[in-house]
Amino acid sequence: MPERTRDLPPRYDPAAVEPHWATAWVDGGYFHAQAPTDREPYCIVIPPPNVTGRLHVGHALGRTLEDALIRRARMQGKEALWVPGMDHAGIATQVVVERELRKEGIDRRELGREAFIERVWSWKEQYGGEIVDQIKRMGASLDWERERFTMDEGLSLAVRTAFVRWYEQGFIYRGERLVNWCPTDQTGLSDSEVEHEEVDGELVTFRYPLSDGSGSVEVATTRLETMLGDTGIAVHPDDERYRDLVGTKVRHPFDGREIPIVADDAVDPAFGTGAVKVTPAHDQTDFDIAHRTGLPLLNIFDAEARVNANAAEEFYGLGRYDAREAVREELVKLDLLVREERPFRHAVGHCYRCHSEIEPWISGLQWFVKVEGLKEAAKRAALDGRVRFTPERWTRAYVTWLDNLRDWNISRQLWWGHRIPAWYCPDGHVTVAIQPPTECSTCASAELEQDPDVLDTWFSSQLWPFSTLGWPDDTEDLRTFYPNAVLVTGYEILYLWVARMIMSGLSLAGDVPFRDVVIHGLVRDAHGRKMSKSLGNVIDPIEMIDRYGADALRFSLARAATGGQQDIPLAEDSIEGARNFANKIWNAARLVLGAFEGDLPQLPAAERRTLPERWLLSRHQVCAAEVDAALDEYLFADAAQAMFRFLWSEFCDWGLEIEKGRLDAGEPERADAAALLAWVLERTLRLLHPIMPFVTEEIWQRFARGGSISVSSWPDPHPEHADADAERVMLALQEIVTAVRRFRARHRITPSRRFPARLGIPADLAREVEPLAERIERLAGLDGLAFVEPPAGKPAGETTVTLTVGAMYLPPGLFDVEAERVRLSKERAELDADLARVRGKLANEGFVAKA
RNA sequence: GGGCGCGUAGCUCAGUGGGAGAGCGCUUGCUUCACACGCAAGAGGUCGCAGGUUCAAAACCUGCCGCGCCCACCA
């Protein structure tokens, strides 16, 4: 046995291999990309994980797919760059650090802004790298020399530059509008950060008495407390029932304010009573109605959603839910409550971070991105194919979203994030600048104060594909690697992130950010349920890597990532199965390497290849072509499946088993067989490497003198190895062998030795079997296929049958005559079916009359 | 309310006009000199239901039933 197989234990141990290569690859500089370059550039930027994050299985999926693409591109000779980095994750991080502080009994407001931000930075230094180490453990081939952080100096400059450019172009403005306020996190949110959820609420109908005492108007609401801030009643302009009341007034029952009745198209006369209470400061629809009809705004909540001094006195200081009950009691007392319907199902907005109910609220002046003028270009890029979505159906979702998109609130009342680059002088003039200005651009006042708010986290994320490459500077990296080749991400951030990258890329970097967008589903548990701590069904990728190896996790994820379905179920069983697959490859390599001497395997000359060898080359060629086609279309599951099938069911089950005969034979057959197997194995390792980098590298090293499979060449398909004859004959042989095995199993006949099997069968049956040999010979077009007559010394009435092809043993045995009869009748049926098909086709084409 | 996806073996899913498949699970036999993380054989399916198109439908069309998701200012 050659030297290098000595250290191959019968079981593949990922733990002994993976950590070594994970660092050796990085240390060897294999993942570093250069610009400028003569090669074709291929760039992916990592969707930056939050600094607060631990690797979860969703990351594992995304990184696996990206790494597969990048590794393949690198092997294809492209200048492959995968940019690593992290996101500062404004709210998420601030909340985590605040929680840490609270444990020490500190409130961030006592600490002050600067000290707090310092705390966040030191927290980031201490814990922020955790996820990076975990991504490294997965074998992700990122160029760590280019690691970025959304709050680093370069990216902060990019953020300010983007802000200023858009401000100067009129795409950023400041305005007082209703924002989605989270009373817990104390900040406004964009529409996309609000999650709507159906809840069982109530619909309460109550009466507003008309000012002139002539009656009352009934209105309904799901949020009774907001009636404290009502400034109008709205009805549809065409509604006969209320025509005479428009222009008159009702009286607020608690504080006696007079409230006008107005007409507006937004009111649906068919819903409820057809009259709507209008609370402009706490509802978007009402805000719009007020804007159109001139109703005043009455803000009744403070930042924590407690009733403020603007409402009737007796409710002051109550939280919004307490206020609801207090209002209800008061209405009952005044006999104004008409009815309560429960449950009433309706959608309520919740904060995407803390899940509190969102309160539409006026929180002073906020900054907005005007989407008119940005979204049209983003839409066009998808429609004309400059950005291609996979699966294609997401294009439509994206376009629809853009069509309905409203201006984007980018102010956040937080401390952790990019401070808005706007300064105000005492006269209220606004100066927007990339670097802190020394004086007001309007009145030259030196007394400037910067806007206290920070920008939405997604404002910096949207610049990620170009800011990481050096934008706004005109760098080599940017010129070489922009636009990126592809973006891989889950559909849950298609709107929050992907759409905005396309808008900002087109507007600021002058081109689409990436050519392809690969949208994958959410990883769910074995039964399609969302993974959650409370269900106890969370699969921790690190735990899985410890138990089964990163290759196993990667392969099982890739195999599950089918294009069709929405979400991706993952069971530990499937990871275990992938681990077994790695072990199978390992052992195939043990067998092959035990026989093969030398380094780079050379294919024996064509005339020295046996029929099963021609078949194996043909199957390998098919596998390579399938993998190529699948990866071109981002069909990772198909690629994984093709390799699994080839390696296990074809290479091992038939190829190795058949070749064992030749490996046991003398030279030069033995060496030919070993070289051919090694050649196929080595190429298949390269094919598999993008998905299972570790085990393939470890084995591949036995074929190489140094270097790394990660920078070896991609095995393009060899169409010249396609061999229809060999495939056809092997299929027949496989069928016959299977028939033999079936017979053996049915009759519980156990071969005395493994190969060749020696079976006692009736002599008359053996005679019937004879013609089959001729048939196989004809099919194969080979000589040397024959039945060996029974060796001497066997009991009378029995004979032993062994099938050989050429000089090599096949799993031998008895041919089941009945099975062959079935096969022939099946062939006849197939022939009939073929004839029928041809007849049908001809009929369809109009060549013959239909039956 | 609008849109999207799904329904195929016990489970999870491939399969888009002509042989109903894979992995896991299950049953049986096998420690066989690459691998028991293995080998071999096997059981198991009205392809959600109904109609239509076609010589031919799991696939295409229509309707229905069931499940899931996204978007949305009916209070």
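Order of the sequence lines sets the chain letters (A, B, ...), proteins ahead of strands, with each chain counted from 1. Everything numeric in this text was worked out from a predicted model, so none of it was measured.
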Legend entry - B/C30 versus B/A14 - spacing of their P atoms, nearest Å: 38 Å
Inset, instruction - Using whole Å, report how far NE2 of A/His520 lies from P of B/C13. - result: 16 Å
Inset, instruction - Go ahead and name the base partner of B/A50; Watson-Crick or wobble counts if both distances stay under 3.5 Å, otherwise write none. - result: B/U62
Inset, instruction - Starting at atom CG of A/Asp525, determine the distance to atom C1' of B/C24, rounded to an integer number of angstrom. - result: 15 Å
Inset, instruction - Using a heavy-atom cut-off of under 4.0 Å over every strand shown, decide if A/Gln641 touches base, sugar-phosphate, or nothing. - result: sugar-phosphate
Legend entry - Pairwise P distance, B/A22 and B/A9 [rounded to whole Å]: 13 Å
Legend entry - Euclidean distance for P, B/U8 against B/U53 (whole angstrom): 27 Å
Legend entry - Gap in Å between the two C1' atoms, one belonging to B/G3 and one to B/A41, rounded: 50 Å
Inset, instruction - Can you tell me the distance, in whole Å, between the CZ atom of A/Phe555 and the C1' atom of B/G23? - result: 10 Å
Inset, instruction - Report the base-pairing partner of B/C11 (Watson-Crick or G-U wobble, both distances below 3.5 angstrom), or none. - result: B/G23
Legend entry - C1' spacing across the pair B/C4 / B/G42, given as an integer number of angstrom: 42 Å
Legend entry - Assigned partner base of B/A40, Watson-Crick or wobble definition, under 3.5 Å: B/U28
Inset, instruction - Counting heavy atoms from C-beta on, name the nucleotide in B/C4, B/U12, B/C35 closest to the side chain of A/Arg396. - result: B/C4
Inset, instruction - Determine the interatomic distance between P on B/A58 and the same-named atom on B/A20; round to the nearest Å. - result: 9 Å
Legend entry - By ring-ring contact (aromatic ring centres under 6.0 Å, His included) - contacts of A/Tyr548 (at least two apart): none
Legend entry - Pair assignment for B/G5, Watson-Crick or G-U wobble, requiring both distances under 3.5 Å: B/C67
Inset, instruction - Measure the distance from NZ on A/Lys660 to P on B/G38 and round it to the nearest whole Å. - result: 15 Å
Legend entry - Sugar-phosphate, base or nothing in reach of A/Ala526, heavy atoms under 4.0 Å: sugar-phosphate
Legend entry - Phosphate OP1/OP2 of B/C4 contacted by A/Arg393 side-chain N/O (<4.0 Å): no
Legend entry - Phosphate OP1/OP2 of B/G38 contacted by A/Asn580 side-chain N/O (<4.0 Å): yes
Legend entry - N-O pairing of A/Glu698 and A/Arg702 below 4.0 Å: yes
Inset, instruction - Flag the pair A/Glu626 and A/Arg645 as a salt bridge only when some basic side-chain nitrogen lies within less than 4.0 angstrom of an acidic carboxylate oxygen. - result: yes
Legend entry - Pairwise 5' ranking along RNA chain B for A/Leu570 and A/Arg579, keeping only the more 5' one: A/Leu570
Legend entry - Salt-bridge criterion met for A/Arg320 and A/Glu225 (N-O under 4.0 Å): no
Inset, instruction - Assign a letter to each nucleotide of nucleotides 68-75 of chain B from its 5' end: B, base within under 4.0 Å of a protein heavy atom; S, sugar-phosphate only; -, no contact. - result: -SSSBBBB
Legend entry - Cation-pi check, A/Arg559 onto A/Phe644 ring (under 6.0 Å, within 45° of axis): yes
Inset, instruction - In whole angstrom, give me the gap between the P atoms of B/G45 and B/C6. - result: 26 Å
Inset, instruction - Quickly work out the A/Trp648 CH2 to B/A36 P distance and round it to whole Å. - result: 11 Å
Inset, instruction - For nucleotides B/G48 and B/G2, find the distance between their C1' atoms and express it as a whole number of Å. - result: 25 Å
Inset, instruction - Using a strict 4.0 Å threshold on nitrogen-to-oxygen distance, state whether A/Arg670 and A/Glu659 make a salt bridge. - result: no
Inset, instruction - Using the ring of A/Phe368 (Phe, Tyr or Trp, six-membered ring only), decide whether A/Arg177 places NZ or CZ under 6.0 Å from its centre and within 45 degrees of its axis. - result: yes
Inset, instruction - Please state how far atom CZ in A/Arg590 lies from atom C1' in B/A34, giving the value in whole angstrom units. - result: 6 Å
Legend entry - Base-pairing assignment for B/C55 (Watson-Crick or G-U wobble, both under 3.5 Å): B/G18
Inset, instruction - Sort and list the pairs that fulfil side chain to side chain donor-acceptor pair (under 3.5 Å) and have at least one residue in residues 264-278 of chain A, not counting sequence neighbours. - result: A/Thr226-A/Lys277, A/Asp230-A/Lys277, A/Asp264-A/Arg292, A/Lys277-A/Thr279
Inset, instruction - Round to a whole Å and report the spacing from CZ of A/Phe651 to C1' of B/C39. - result: 17 Å
Legend entry - CD on A/Glu202 to NE2 on A/His346, rounded to 0.5 Å: 8.0 Å
Legend entry - Nearest-angstrom distance from the residue atom OH of A/Tyr12 to P of B/A36: 17 Å
Legend entry - Base B/A34 to side chain A/Glu657, donor-acceptor N/O within 3.5 Å cut-off: yes
